[in-house]
Amino acid sequence: MTGTRRALVTGITGQDGAYLAELLLAKGYEVHGVKRRTSSFNSERIDHLYHELDEAVPKVHLHYGDLTDSLSLLRLVQLVQPDEVYNLGAQSHVAVSFEEPEYTANADALGTLRLLEAIRVLGIGERCRFYQASTSELFGKVAATPQNEATPFHPRSPYGVAKLYAHWITQNYREAYGLYACSGILFNHESPIRGETFVTRKITRGLARCVHGLQHCVYLGNLDARRDWGHARDYVEAQWLMLQQAAPRDYVIATGEQHTVREFVDLAARAIGLELEFRGDGAEEHAVVARCDVAGAKVARGDVVVRIHAQYFRPAEVDTLVGDSSLARRELGWRPRTGFAALVDEMARADLLLAEREAAGLVGSRHGRHLIERLG
Ligand code: NDP
Ligand code: GDR
């Protein structure tokens with residue numbers, strides 16, 4: 001392949017989109033991102049990558065488009081003529097998918113079909129490679145542990161079911177039309193720019209805000225859920241690697257290590273100088289501050305900082321997930337660089353810094369990542 005490679009990324013304003021855009025720019029790609037229209041700015045994660053009209057060094061080119069709008073996707077694939085398409089865009093919240101099942105199916109399932117079909121009908125399938133953001137939620141109610149590429153699927157939410165369609169239609173376009181199209185079955189991956197309503201970020205942000213007196217308590221659902229949590233920065237590298245192989249293939253991407261939500265809470269608290277004690281059972285369970293080592297903290301020994309609320313339980317839960325990514329390790333040479341403790345520490349420290357600024361009346365980013373890079 002000669003010349004500058006062009007990538008088209010849906011979901012560029014999301015967590016993975018931001019990390020992937022950075023990676024692709026560092027590799028010399030011309031990066032085009034699809035951004036949907038919103039009534040207020042939502043490009044905070046990629047503002048530092050945005051290509052200003054008068055800038056000499058090209059950064060990310062942003063285009064309006066939507067996975068629910070075939071014409072916008074056709075127009076963008078035609079305009080950009082990408083060598084690689086990364087379909088990261090999705091209604092990605094499992095709990096929300098129970099409340100908006102039709103929209104989730106439209107964006108996550110049919111959106112993938114629309115994009116694949118745009119590549120096919122525009123006749124660029126021979127040179128354009130396609131990455132689909134599949135998920136460990138496909139496994140859902142798991143029959144075997146750990147889960148690998150051969151584990152049967154049993155999704156447990158409208159999100160999981162929509163993503164299963166996307167997974168199979170990607171495989172179908174590979175088999176039917178010979179597209180270089182593949183899916184990364186990625187387990188949960190987090191970072192300081194994770195959306196604030198996913199459990200990890202909700203915990204790190206909530207505890208930090210409690211310490212600074214900005215909220216009283218973090219309300220959570222199922223503390224017994226077990227997940228295999230990695231760092232988004234490591235996982236976008238796997239996405240890129242999957243499109244650089246001699247032949248397309250689907251891979252599981254995971255750390256192979258599993259923790260409960262309760263363990264995440266405990267470690268996140270320690271990272272910011274709080275020791276918690278869990279008391280009570282079931283809906284009565286709560287976490288109390290047993291020790292606080294933060295100077296000037298607005299919480300003290302005995303304060304309840306975590307409570308359970310029925311609102312955060314799901315109609316059907318995915319209880320336990322842990323991935324076996326030995327195929328990716330062998331064939332892609334991929335491995336996670338950031339362990340669980342380092343991930344929690346990075347997220348907790350970033351959110352503590354953010355809460356400090358919020359408490360000081362310094363309005364700013366909702367994501368502490370760039371703050372931590374600038375301020376230490
Ligand atoms: P985010 O929720 O952070 O980002 C989702 C992105 O999709 C945002 O840019 C969002 O735009 C965009 N989007 C939502 N709806 C549409 C639409 N109708 N048309 C176009 N774009 C849309 O997700 P992550 O970055 O965490 O995840 C990236 C992908 O990987 C998703 O598909 C997710 O389902 C999947 N995945 C994620 C995992 C994880 O642990 N993070 C694990 C496995 C899979 P906006 O900013 O406007 O909301
Ligand atoms: P998940 O992530 O559903 O695995 O999907 P999330 O962080 O939302 O939930 C993980 C587990 O924590 C439990 N939980 C809570 N979850 C949220 N959001 N809020 C709470 O208050 C809470 N309390 C307990 C959940 O029940 C669940 O068991 C993520 C998304 O990024 C998907 O897009 C992706 O496909 C999968 O990871 C892999």
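All values reported here derive from a predicted model rather than from experimental measurement. Sequence positions, counted from 1, serve as the residue numbers for this chain. Counting starts at 1 for both ligands and their atoms, following the listed order.
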Among all the protein's non-hydrogen atoms, which is closest to atom 27 (C) of ligand 2, and how far away is it?
R227 NH2, 3.4 Å
Distance-only N or O hit between ligand 1 and Q15, under 3.5 Å
yes
Enumerate the atoms of ligand 2 whose separation from the nearest heavy atom of A225 is less than 4.0 angstrom.
28 (O)
Can you name the atoms of ligand 1, numbered from 1 with element, that are less than 4.0 Å from a heavy atom of G14?
3 (O), 4 (O), 8 (C), 9 (O), 25 (O)
Protein heavy atom at shortest distance from atom 28 (C) of ligand 1
L88 O, 3.5 Å
Residue, atom name and distance, where the atom is the protein heavy atom closest to atom 34 (O) of ligand 1:
Y159 OH, 2.6 Å
Hey, what's the ring geometry for F340 with W229, parallel, tilted or perpendicular (30° and 60° as the breaks)?
parallel
For N188, is the nearest heavy atom under 4.0 Å from an atom of ligand 1?
yes
Provide the number and element of each atom of ligand 1 under 4.0 Å from a heavy atom of A133.
29 (C), 30 (O), 32 (O), 35 (C)
The protein heavy atom nearest to atom 2 (O) of ligand 2 is N188 ND2, 3.6 Å
In ligand 1, which numbered atoms sit nearer than 4.0 Å to a non-hydrogen atom of L67?
17 (C), 18 (N), 19 (N), 20 (C)
When you check the gap from the basic side-chain N to the acidic O, do R262 and E285 get nearer than 4.0 Å?
yes
Looking only at distances, please establish whether an N/O atom of ligand 1 is found under 3.5 Å from an N/O atom of T68.
no
May I ask whether K163 places a heavy atom under 4.0 Å from ligand 1?
yes
Atom 18 (N) of ligand 2: which of I185, D224, T197, V96 has the nearest heavy atom?
T197
of all protein heavy atoms, closest to atom 14 (C) of ligand 1 is A90 O, 3.1 Å
Any idea which atoms of ligand 2 are less than 4.0 Å away from a heavy-atom of V261?
12 (O)
R114/N106 under side-chain hydrogen bond (donor to acceptor under 3.5 Å, both in side chains): CA gap, chis, key distance, verdict
CA-CA 10 Å; R114 292 182 183 107; N106 194 0; 2.7 Å; yes
Is any side-chain heavy atom of R227 less than 4.5 Å from a side-chain heavy atom of F187?
no
Looking only at protein heavy atoms, identify the closest one to atom 8 (O) of ligand 2 and say how far it is in Å.
R314 NH2, 2.8 Å
Out of H189, H93, R226, R194, the nearest non-hydrogen contact to atom 31 (O) of ligand 2 is supplied by R194
Is E284 reaching over with its side chain to a backbone N or O of D281, donor-acceptor style, under 3.5 angstrom?
no
Are S136 and ligand 2 in contact, using a heavy-atom cut-off of under 4.0 Å?
yes
Report yes or no: does a heavy atom of Y235 sit under 4.0 Å from some atom of ligand 1?
no
Going by the closest heavy atom to atom 30 (C) of ligand 2, which one wins out of A90, S97, S92?
S92
Near Y103, which atoms of ligand 1 are under 4.0 Å from a heavy atom of that residue?
15 (N), 16 (C), 17 (C), 18 (N)
For atom 21 (O) of ligand 2, find the nearest protein heavy atom and state the residue, atom name and distance (0.1 Å precision).
K202 NZ, 2.8 Å
I'd like the name of whichever of T200, V199, L223, L186 reaches closest to atom 15 (C) of ligand 2 through any heavy atom.
V199
For ligand 1, which atoms have a heavy atom of T135 less than 4.0 angstrom away?
43 (C), 44 (C)
Looking only at heavy atoms, is any part of V94 under 4.0 Å from ligand 2, and if so is it the side chain, the backbone, or both, or is it neither?
side chain
Side chain, backbone, both or neither: which applies to Y159 and ligand 2 if a contact is any heavy-atom pair less than 4.0 Å apart?
side chain
What residue and heavy atom of the protein are closest to atom 40 (O) of ligand 1, and at what distance?
H189 N, 2.8 Å
Report the residue from T338, T200, D16, D234 that forms a side-chain hydrogen bond (donor to acceptor under 3.5 Å, both in side chains) with H189.
D16
Within-cut-off N or O pair, S136 and ligand 1, under 3.5 Å
no
Does ligand 1 come near enough to S92 that some N or O of the ligand is less than 3.5 Å from an N or O of the residue?
yes
Smallest separation among heavy atoms of C182 and R174, with atom names
CA-NH1, 3.7 Å
Short N/O distance, under 3.5 Å, between G17 and ligand 1?
no
E317 side chain near N222 side chain, heavy-atom distance below 4.5 Å
yes
Give the residue, atom name and distance (to 0.1 Å) of the protein heavy atom nearest atom 26 (O) of ligand 2.
E317 OE2, 2.6 Å
In this structure, atom 23 (N) of ligand 2 is nearest to the protein heavy atom G221 N, 2.8 Å
Ligand 2 contact on K163 by region, counting heavy-atom pairs under 4.0 Å
neither
Would you say H93 contacts ligand 1, with heavy atoms under 4.0 Å as the rule?
no
Can you pull out the closest protein heavy atom to atom 6 (C) of ligand 1? Residue, atom name and distance to 0.1 Å, please.
G11 CA, 3.5 Å
Of the protein's non-hydrogen atoms, which lies at the shortest distance from atom 44 (C) of ligand 1, and what is that distance?
S134 O, 3.4 Å
Closest non-hydrogen protein atom to atom 25 (O) of ligand 1, residue and atom name please, with distance?
D16 N, 2.8 Å
Closer than 3.5 angstrom, by distance alone: can the side chain of T260 be matched with the main-chain N or O of A225 as a donor-acceptor pair?
no
Examine distances only and state if a side-chain atom of S183 and a backbone atom of I185 form a donor-acceptor pair shorter than 3.5 Å.
no
